[in-house]
Amino acid sequence: MAELRHSMAVRSSNSPAKRDSDTSAALSPFLLSPSTRGSRGGGGGDDDGKDAHRSSPLLSHHHHKRVHLLTSPFRSLLALEDPRSSAASSSYRILLALLALLLAAVIFCAPLFWSRLNTPFLCYKEGITLHCPETKEPPSLWENPRAATMSWKPCAERCSNEPSDVPSVNETSGYIFIHAEGGLNQQRIAICNAVAIAKIMRATLILPVLKQDQIWKDQSKFEDIFDVDHFINYLKDDVRIVRDIPDWFTEKDELFTSIKRTVKNIPKYASAQFYIDNVLPRIKEKRIMSIKPFVDRLGYDNVPTEINRLRCRVNYHALKFLPDIEEMAVKLAARMRNRTGSINPYMALHLRFEKGMVGLSFCDFAGTREEKAMMAAYRQTEWPRRFKNGSHLWPLALQKRKEGRCPLEPGEIAVILRALGYTSGTQIYVASGQVYGGKNRMAPLRNMFPNLVTKEELASAEELAPFRRHVTSLAALDFLVCLRSDAFVMTHGGNFAKLIIGARRYAGHRLKSVKPDKGLMSKSLGDPDMGWASFTEDVVVSRHAPHEDGPPRAHLPRLRSLGEPADTLHVQGMRRAIPQIRVAVWPSPRLR
């Protein structure tokens, strides 16, 4: 019987379940060692401990090694060491001190972490109202950070002792006639180019005709907008200009309809030599020729320096609006500064979100299904070749937004202005046509900036009545009020904004011009987690570096001496570069 009991005990100790139990007990530092269990257990504890040590001496060795790897306070907490020992007492003090420091750090940092985790989205909409956090207006908000470096002065005017080389009536190469197409500012550029090519070919310029545009649908004449007498007299030493077609030319209708009297197929940004080689011989042959189309038909980098200086003279000196327009613009600017009863700075916002601009951009914007269907029908009617069947427009719209070629919506520009530091008390003059979407589309911007007005709100209907006969006259009022503003903000490219920024540079105004970088902003339009704090940190004001060691570059692509908002103005029009402030949003999150 004794032998049987001995063999059963041996088999039980060698069973898999027993081995697993012994292994777990030996490897776990949270379990008591066999010796400890023996000292605390009952009468058979010592025998069990001895059997365990005898059955697995290797596991016992690893167990003691792991226990000693723990520090004294942890061994005491886990009942692996007597807490009444002196070593454990001092270790307890150290551990408690560390825990106290950790607790203090957690208490101090908890509000910061909580505010960061609980940060709202960029803004949130409640109906048609857009809510964004309030900001404090920085002291330098209305200052141009590069104002101290603006030491370049305009030099486009003729020198007093510069001789006139205008050909006489008998010596002229012929007469040229052009149609200035587009809106007011595109027409303005065309007029400047017309004077330039007349100078290149030593020809006589017939006063340009302002052609009706399919978007603006305006039938204004040159004399309805500009001061004709000042235009002709100022340029009398540069180009010979006549008001009308000469009386000896009896076939006047041919200038508008006949192909024989029209010079076509002139490439964009053609050189001065192209006109001398290809256009001048036909003018000498026919005596009077019409040039059309005439949009961007003269380059800037491939013409003589003196020609570009002449274009600056035309744009900034010769083309003056009628006195009535100038006087009304001065009144509007004065009313903007005195709206609060004291003189305050005001911002001019050029908001490009008219129906024509939205349609022409072929970008996708938020709206109902009915609005999208109506816009698709409008695009198909106005631009059938580009619209085709409409299947390619969605990927095209995404690509345009990534490239920053889509107009900013009123709500988007409101968020950018708030992030820049402009408060709800900022006085804003809006230069815009009829905004697509009406009051609902404008609501986010107007609710965030309640002191937002248009010329219709600054002036009475009786005051604006004389200017309503021509859409171009109203655009001229916007142009002049924006030109006099303390800060000018553009929301989309276009000749209006380019000419404003160019004129402010040329005049040496130390005023701020802001151009949101829509390409950089679009990179994070799909980020739903960006908070307001991160957004304001990512709004960076970057500046184009001026050329300190010499004149500005004249080789910038498509740089207009008329106001292209690139690094500098043309060297022919200024003696030094004037920087332009540019807003880069690194990124801009989507509105919630």
Side-chain angles (χ1 to χ4, degrees), residues 123 128-130 132 183-186 215-216 329 332-333 336 346-361 363 365-367 371 375 400-401 404-420 422 424 426-459 471-472 474-501 504 512-518 521-522 563 565 581-583 585 588 591:
C123 297
I128 59 174
T129 304
L130 185 64
C132 290
L184 170 64
N185 301 287
Q186 191 170 349
I215 295 179
W216 299 107
L332 294 177
M336 280 299 304
Y346 76 92
M347 173 199 299
L349 176 63
H350 184 220
L351 189 60
R352 296 298 307 275
F353 210 77
E354 305 90 352
K355 182 179 180 180
M357 177 52 59
V358 173
L360 183 61
S361 69
C363 294
F365 299 96
E371 286 179 330
M375 178 53 66
K400 284 189 169 224
R401 188 165 291 278
R405 294 191 289 152
C406 293
L408 289 174
E409 296 189 46
E412 293 173 333
I413 194 62
V415 175
I416 294 174
L417 294 178
R418 177 58 58 84
L420 285 172
Y422 292 99
S424 58
T426 303
Q427 303 293 325
I428 301 179
Y429 178 87
V430 177
S432 173
Q434 184 65 37
V435 174
Y436 176 67
K439 294 182 178 180
N440 288 345
R441 185 76 66 172
M442 283 291 294
L445 177 61
R446 189 173 289 276
N447 291 334
M448 195 177 298
F449 296 97
N451 295 318
L452 182 145
V453 294
T454 61
K455 55 182 172 293
E456 288 79 11
E457 296 170 294
L458 283 177
V471 176
T472 309
L474 297 175
L477 289 177
D478 284 337
F479 183 92
L480 292 174
V481 176
C482 290
L483 190 63
R484 291 170 169 82
S485 65
D486 298 274
F488 174 71
V489 180
M490 59 182 291
T491 61
H492 191 55
N495 294 311
F496 182 96
K498 295 174 183 179
L499 287 167
I500 289 289
I501 295 175
R504 286 159 73 95
K512 181 179 290 187
S513 296
V514 179
K515 178 184 178 182
D517 195 320
K518 299 172 294 180
M521 186 185 67
S522 66
I581 295 174
R582 189 163 174 258
V583 175
V585 183
S588 169
L591 302 182

**Prompt:** Atom CE in Met490, atom NZ in Lys515: separation rounded to 0.5 Å?
**Reply:** 5.5 Å
**Complete:** Correct closest heavy-atom pair for Cys363 and Pro407 would be SG-CD, 4.4 Å
**Fill in**
Between the CD1 atom in Ile413 and the CG atom in Leu351, the distance rounded to the nearest 0.5 Å is 8.0 Å
**Asked** Has the side chain of Arg352 got a donor or acceptor atom that lies under 3.5 Å from a matching backbone atom of Gly494?
**Response** no
**Request:** Determine the sole option in Asn451, Thr454, Asp478 for which the side chain to side chain donor-acceptor pair (under 3.5 Å) test with Tyr429 is passed.
**Result:** Asp478
**Asked** Please walk me through it: do His350 and Ile500 pass side-chain contact (heavy atoms from CB on, under 4.5 Å)?
**Response** CA-CA 10 Å; His350 184 220; Ile500 289 289; over 6 Å; no
**Item:** salt_bridge(Glu457, Lys455) N-O dist < 4.0 Å
**Value:** no
**Message:** Can you list everything that forms a side chain to side chain donor-acceptor pair (under 3.5 Å) with His492? Sequence neighbours excluded, please.
**Reply:** Lys518
**Item:** Selection residues 426-438 - residue pairs positive for salt bridge (charged side-chain N to carboxylate O under 4.0 Å, His left out), sequence neighbours left out
**Value:** none
**Request:** Might you work through the side-chain contact (heavy atoms from CB on, under 4.5 Å) test for Gln434 and Lys355, ending with a clear yes or no?
**Result:** CA-CA 8 Å; Gln434 184 65 37; Lys355 182 179 180 180; over 6 Å; no
**Asked** Are the side chains of Ile416 and Leu408 in touch, meaning some heavy atoms are under 4.5 Å apart?
**Response** yes
**Message:** Rounded to the nearest 0.5 Å, what separates atom CG in Leu420 from atom CE in Met347?
**Reply:** 7.5 Å
**Prompt:** Is there side-chain contact between Val453 and Met336, with heavy atoms separated by less than 4.5 Å?
**Reply:** yes
**Message:** With rounding to the nearest 0.5 angstrom, report the SG to NZ distance, Cys406 to Lys400.
**Reply:** 7.0 Å
**Prompt:** Is it the case that more than 12 heavy atoms not belonging to Glu456 sit under 6.0 Å from its CD atom?
**Reply:** yes
**Message:** Tell me whether Arg405 contacts the main-chain N or O of Ser361 through its side chain, where contact means a donor paired with an acceptor under 3.5 Å.
**Reply:** no
**Message:** If you compare all heavy atoms of Met375 against all heavy atoms of Val358, which two are closest, and at what distance to 0.1 Å?
**Reply:** CE-CG1, 3.8 Å
**Request:** Verify side-chain contact (heavy atoms from CB on, under 4.5 Å) between Ser485 and Arg504, making sure each step is shown before the conclusion.
**Result:** CA-CA 10 Å; Ser485 65; Arg504 286 159 73 95; 3.2 Å; yes
**Message:** Ignoring hydrogens, what is the shortest heavy-atom contact between Pro450 and Ser424? Give both atom names and the distance.
**Reply:** CD-O, 3.4 Å
**Item:** Aromatic contact, Phe365 with Phe353 (centres under 6.0 Å)
**Value:** yes
**Request:** Examine Arg484 relative to Tyr346 and say whether NZ or CZ is less than 6.0 Å from the centre of the six-membered ring and inside a 45° cone about the ring axis.
**Result:** no
**Asked** Roughly how far, to the nearest 0.5 Å, is the OG1 atom of Thr491 from the CG atom of Leu445?
**Response** 10.0 Å
**Fill in**
Between Ala487 and Tyr422 the two heavy atoms that sit nearest each other are CB-OH, 4.0 Å
**Fill in**
Heavy atoms of Val415 and Met448 approach each other most closely as N-SD, 4.4 Å
**Prompt:** Between atom OG of Ser432 and atom CE of Met357, what is the distance when rounded to the nearest 0.5 Å?
**Reply:** 10.5 Å
**Message:** I need the minimum non-hydrogen distance between Ala475 and Phe496, along with the two atoms involved.
**Reply:** O-CE1, 4.0 Å
